[in-house]
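To start, the structure under review is shown below, and the notes come after it.
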Amino acid sequence: MRIFQFLDQLKRSLGIMKKDIRIYYLKGPVVIFGFLMPLFLFLAFFIGSRNLSIEFLISGLIGMTVFFTATAVSPIIAPWEAQVQTLERLISCPISITTLIFGDMLASFIFGILIAILPIAIGLAMGTHITNPIILILGLLLGGVCFSSFGLILSSPPSNAPSNIMMISSLVRFPLVFISGIFIPLENMPYWGKIIASFSPLTYFTDLTRYTIGATSYYSLLSDFTALIIFTVVFFVLAVKLHERTIYQRL
Amino acid sequence: MDHVVEVQNLTKIYNKLVAVDHINFEVKKGEIFGFLGPNGAGKTTTVRMLTGIIKPIEGHAIILGHDIQKEPLKAKQNICVVPETSNAYVDLSAWQNMMLMAELYGIPKKEAEARAEDLLRRLSLYQRKNSKVKGFSKGMKQRLILCMALINDPVLVFLDEPTSGLDVQSSRMIREILLEFPKEGKTIFLTTHNMDEASHLCDRVAIINHGKIAAIDRPATLKNTIKKLNSIEISFDSAIKAENLSEIPHIIEIRKEGDKFIISTDDVDDLIHSLTDFAESQKLKIISLNTMAPSLEEVFVKLTGEV
Ligand SMILES: Nc1ncnc2c1ncn2[C@@H]1O[C@H](COP(=O)(O)OP(=O)(O)OP(=O)(O)O)[C@@H](O)[C@H]1O
Ligand SMILES: [Mg+2]
């Protein structure tokens with residue numbers, strides 16, 4: 001009985017996902033913020049630091065792209081829908097908050113992993129080789145869920161002005177990129193830098209990606225995966241709990 | 001299950017404002033229940049609590065046998081809401097909106113498509129099913145919202161002023177659909193400002209003011225409870241002055257309208273007797289005599305103290 005209800009709700013979350021993709025993702029800004037911005041950051045670094053290996057830079061680009069895309073739209077869905085009152089409609093439907101959040105997460109997850117094709121193609125064109133495709137795919141799937149859930153945590157403050165949430169999310173997302181060993185290799189960081197980096201999920205994702213394109217990773221593969229799984233579970237549960245608390249304050 | 005809605009002590013406070021104040025009522029299966037009140041009375045707040053959109057701070061609501069707070073998914077599965085302000089996704093087409101609702105209610109695709117087509121046709125939207133809702137007029141949006149709400153074939157329908165601001169044609173279309181529901185055993189909970197609509201459509205009405213329920217009854221009974229507002233319309237064969245009538249007891253107010261007098265009274269029976277006596281003593285013939293019951297609007301104004 002419970003499992004039946006669970007599957008039923010899971011199916012309904014696909015409806016939410018489809019709606020999100022149609023309304024929010026099939027629009028220009030997602031691609032621009034999710035891909036072009038990381039690309040410019042990457043090019044700036046590529047030109048500036050000749051001494052870093054191409055594998056290191058490409059894994060950073062993949063990390064940034066997936067992270068920015070997966071967190072591009074998810075933070076503004078809830079405030080936006082509260083403002084145009086479609087949230088009221090969703091809440092009146094027989095779906096749980098978990099279903100709603102899971103659907104939002106799925107949409108952002110799909111775009112997060114699809115966009116990864118672009119930096120991977122750039123990497124291949126620049127001569128990198130994917131040595132561990134299976135690990136790369138697993139890492140992408142995990143990272144996609146992790147970052148999408150993270151984006152949904154950013155949308156949980158009960159403000160209905162999308163611009164407020166955008167500001168909060170930019171304040172969190174940009175610094176995170178700089179502490180995650182994307183521009184400076186972890187091994188070159190001072191001790192405190194490594195400590196800070198260890199609190200960012202992006203660190204482990206990027207490290208994992210480095211491993212799969214033939215560079216040496218800083219952490220072991222097992223630690224990367226374990227850390228990512230823990231972050232993912234914590235982020236998703238936290239996103240649901242926070243929204244359960246704040247979603248009624250939006251209405 | 002006799003009562004599809006049971007409300008106990010339902011209360012909502014916004015900041016310090018008591019929007020809904022310990023209200024109690026029941027809605028019977030198959031009836032059209034009207035919820036009347038002036039602006040800001042707490043109608044929308046009540047509907048939103050009953051449909052699980054906002055949480056009450058006190059009290060509970062049992063919807064179709066399920067507590068809306070404790071078992072929201074079960075309670076919501078067989079009800080629907082047509083909210084005050086339309087809220088379809090404007091970036092989606094009418095058809096996509098319908099299919100989204102069907103998915104959220106877990107309706108199988110074939111069944112959903114058949115039902116969506118039928119509903120859109122009945123509300124004259126089928127031609128425009130592939131247009132984005134952005135380009136719809138207010139009436140079209142409101143009709144689409146009704147279609148979206150009905151996709152799950154609900155047994156209990158909540159409508160928050162469904163026809164306010166719509167033209168005659170759109171309101172009539174919506175009203176016709178509503179009138180079919182009781183025949184199918186469906187129950188309607190309708191909030192409205194429109195007294196005419198309420199007295200014609202509703203089996204029972206609740207009048208709410210400042211978050212409290214002022215009265216609940218059948219429209220006809222409510223009209224009767226306000227005896228004081230009953231009035232008599234009378235005309236005589238020759239002109240007389242209003243002052244001549246003022247000696248008669250039980251008269252509250254006399255108004256002259258053309259050749260008629262409209263006399264309001266707190267005792268209709270006694271007034272009629274006195275008036276006939278008066279006519280006899282003055283050698284007047286009574287040409288017409290009508291009793292006039294108060295309209296629901298007068299009851300409403302009386303109970304809510306609004307003018
Ligand atoms: N989200 C909210 N925050 C603060 N106050 C609110 C909120 N929603 C409603 N109120 C207040 O609660 C009271 C009842 O509002 P409600 O919308 O229920 O009235 P209503 O009877 O539906 O009025 P109308 O006929 O204008 O639709 C009003 O005084 C309103 O200002
Ligand atoms: Mg209202």
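Order of the sequence lines fixes the chain letters, A, B, ..., with proteins taken first and strands second; residue numbering starts at 1 for each chain. Side chains are part of it too, since the values below use all heavy atoms of this structure and drop only hydrogens, waters and symmetry mates. Keep in mind it's a predicted model, so treat the numbers as computed, not measured.
Under the 3.5 Å distance criterion, the side-chain polar atoms of B:N87 are matched with a main-chain donor or acceptor of A:Q85. Using a distance-only test at 3.5 Å, with no hydrogens or angles considered, no donor-acceptor pair links the side chain of A:R89 to the main chain of B:Y89.
Between the OG1 atom of A:T86 and the CG atom of B:L92 there is a distance of 9.5 Å, given to the nearest 0.5 Å. The distance from atom CD1 of A:I23 to atom CG of B:D91, rounded to the nearest 0.5 Å, is 5.5 Å. Rounding to the nearest 0.5 Å gives a distance of 7.5 Å between CE of B:M101 and CG of A:L90.
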Stepwise side chain to side chain contact (heavy atoms under 4.5 Å, CB included) check, B:L104 with A:I16: CA-CA 8 Å; B:L104 297 183; A:I16 301 282; 3.7 Å; yes
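Residues A:E88 and B:V81 have side chains not in contact (no heavy-atom distance under 4.5 Å, counting atoms from C-beta outward). For the pair A:S92/B:K76, no side-chain contact is recorded, criterion being any heavy-atom separation below 4.5 Å from C-beta on. The side-chain heavy atoms of B:R48 and A:L251, taken from C-beta on, include a pair separated by under 4.5 Å.
Only the side chain of B:L100 comes within contact range of chain A, with at least one heavy atom under 4.5 Å from a heavy atom of that chain. Contacts of A:K11 with chain B are absent, with no heavy-atom separation under 4.5 Å from either backbone or side chain. Heavy-atom distances place no part of A:L87 under 4.5 Å from chain B, backbone and side chain included. For B:M99, no part lies under 4.5 angstrom from a heavy atom of chain A. Neither the backbone nor the side chain of B:A102 comes within less than 4.5 Å of any heavy atom of chain A. In this structure, the portion of A:E81 lying under 4.5 Å from any heavy atom of chain B is its side chain and not its backbone.
By the neighbour-count criterion of 12 heavy atoms within 6.0 Å, atom NZ of B:K129 is densely surrounded, having more than that number from other residues, nucleotides or ligands. When the shell of 6.0 Å around CD of B:E180 is examined, it contains more than 12 heavy atoms from other residues, nucleotides or ligands. For A:L7, the CG atom is densely surrounded, since the number of other residues' heavy atoms within 6.0 Å is greater than 12. Within 6.0 Å of the CZ atom in A:R245, the count of heavy atoms belonging to other residues, nucleotides or ligands does not exceed 12.
Taking B:V90, B:T85, B:I145, B:N97 one by one and counting their heavy-atom pairs under 4.5 Å with chain A, the maximum is reached by B:T85.
For A:C93 against B:Y105, the heavy-atom pair with the smallest separation is SG-CE1, 3.9 Å.
Ion pairing of A:R12 with B:E103 is absent here, as no side-chain N (NZ or NE/NH1/NH2) approaches a carboxylate O to less than 4.0 Å.
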